[in-house]
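What follows is one structure encoded as structure tokens, with my remarks underneath.
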Amino acid sequence: DPYVARRRKHIASGPNYDGFSAGEYVLMGRGWIFGAVALGIVTGILFAAFPDLDLQVADWFFDHDESKFPLSTTAWSNATRHFANWIPWLLVLPAVAVLVFKLVYPTLPMRMQPSVVVFLIASFLIGPGIVTNVVLKDNWGRPRPNHVQQFAGTLSFLPWWQPGGDCRRNCSFVSGEASQAFWTVAPAILAPPQIRPFALAGAAVFGASVSALRVAFGRHFVSDVIFSGIFTIAIILALYRLLLHPMKRNDAKLERGLHR
């Protein structure tokens, strides 16, 4: 493929148009994915060996006199939650609009690089969508903190690794809102090289803040939100390597495929 040959020659000569060198692309593709997997293994072992950590963290936010998680009932915290939930949707919306426009007017060129469009939409659908909300939340069965007996609920607490609890749908493992928040790493990766570190740091802080709010509300255990971040970021990095690696990327071919 002449396109791939040109890309190989270009990437070997130095940093590419994304500001990454060849070695940095290997780090992005393999090292970061392995890092996310390793972090997941360590986290899984830690919370499997010490499952009470989930209960101890949740207890910080529970008022035993009032038998509730107070932060979940305040107006400002709920307004913050709803505002934060809109941010990932607003970030993926331009890619969706470009794709819809291309499908409606297939002969016109796309206003955004096709590989970027597919990367943003696919990572959003697979991470927060399929893996989090379809595969895990509705099938794992882990009760939420505010539903377990330790926090004035009626269900039994289960560690993260034990599926088959009494929760029937929209359960605790893993957090959908935390997954959406950590998905902002995807557009942050695409930021210009000069501001990319700040964009990634902002995405990480945003994901951690939304996660902390879900724990403080008593809607998720801390292990739920940690795994949300790990799964989502691992999916983003895998798709980045698959779709945006310069030796595999072919926007012209991808746009022709969408044209068909």
Side-chain angles (χ1 to χ4, degrees), residues 20 23-61 88 123-124 126-137 139-145 148 150-151 156-165 167 171-186 188-189 196-197 199-242:
F20 286 123
E24 288 171 327
Y25 260 105
V26 172
L27 176 64
M28 177 70 74
R30 294 181 181 176
W32 288 22
I33 294 173
F34 290 153
V37 171
L39 180 59
I41 292 172
V42 171
T43 302
I45 293 173
L46 177 65
F47 281 91
F50 305 101
D52 284 350
L53 284 175
D54 271 328
L55 294 173
Q56 291 170 8
V57 173
D59 193 63
W60 296 345
F61 305 99
S123 60
F124 193 84
I126 296 173
I130 295 172
V131 172
T132 296
N133 283 292
V134 177
V135 174
L136 292 174
K137 285 183 69 68
N139 294 286
W140 204 257
R142 188 186 199 188
R144 295 176 182 269
V148 301
Q150 289 86 344
F151 305 114
S156 299
F157 167 77
L158 291 179
W160 74 265
W161 53 266
Q162 187 175 343
C167 177
C171 303
S172 191
F173 189 82
V174 289
S175 170
E177 293 180 24
S179 180
Q180 279 186 191
F182 280 112
W183 173 85
T184 58
V185 167
I189 287 177
R196 187 178 295 133
L200 288 169
V205 170
F206 178 65
S209 299
V210 171
S211 298
L213 201 59
R214 298 306 287 154
V215 173
F217 273 31
R219 299 303 185 264
H220 287 284
F221 293 106
V222 68
S223 60
D224 299 328
V225 298
I226 291 175
F227 277 112
S228 292
I230 292 170
F231 293 159
T232 302
I233 292 173
I235 289 167
I236 289 169
L237 294 174
L239 288 173
Y240 191 97
R241 178 173 173 80
L242 177 65

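Everything numeric here is computed off the predicted structure, so don't read it as measured data.
Distance check, rounded to the nearest 0.5 Å: CG of L239 to CD1 of I189 gives 10.0 Å. Between the CG atom in L200 and the OG1 atom in T184 there is a gap of 9.0 Å [rounded to 0.5 Å]. Considering NZ of K137 and OG of S172, their distance stands at 7.0 Å, rounded to 0.5 Å. Here the straight-line distance linking atom CD1 of I226 with atom CG of L46 works out to 8.0 Å at 0.5 Å rounding. With rounding to the nearest 0.5 Å, the separation of OG in S123 from CG in L237 is 10.5 Å. The distance from the CD1 atom of I230 to the CZ atom of F182 is 9.0 Å, given to the nearest 0.5 Å.
Looking only at side-chain heavy atoms (C-beta outward), P163 and N139 stay at 4.5 Å or farther from each other. Within the 4.5 Å cutoff, side-chain heavy atoms of F47 are placed close to those of V222.
Counting all heavy atoms, side chain and backbone alike, S223 lies closest to D54 at OG-OD2, 2.7 Å. Of all heavy-atom pairs spanning S175 and V225, the tightest one is CB-CG1, 3.9 Å. A pairwise comparison of heavy atoms in S179 and T232 identifies OG-OG1, 2.7 Å as the closest pair. Taking all atoms of both residues into account, the shortest heavy-atom contact from A48 to W160 is N-NE1, 3.6 Å. Contact between V174 and F227 at its shortest, heavy atoms only, is CG1-CB, 3.9 Å. Taking each heavy atom of A188 and R196 in turn, the nearest pair found is O-CG, 3.7 Å.
The salt bridge (charged side-chain N to carboxylate O under 4.0 Å, His left out) check on R144 picks up nothing, with sequence neighbours excluded. Residues forming a side-chain contact (heavy atoms from CB on, under 4.5 Å) with D52 (at least two apart in sequence, or on another chain): L55, Q56.
Listed by first and then second residue, the ring-ring contact (aromatic ring centres under 6.0 Å, His included) pairs that reach into residues 199-223 are F157-F221, sequence neighbours excluded.
Classification of the F173-W140 ring pair by plane angle, with boundaries at 30° and 60°, yields tilted.
Of the charged side-chain nitrogens involved, at least one lies within less than 4.0 Å of a carboxylate oxygen, so that R142 and D224 count as a salt-bridged pair.
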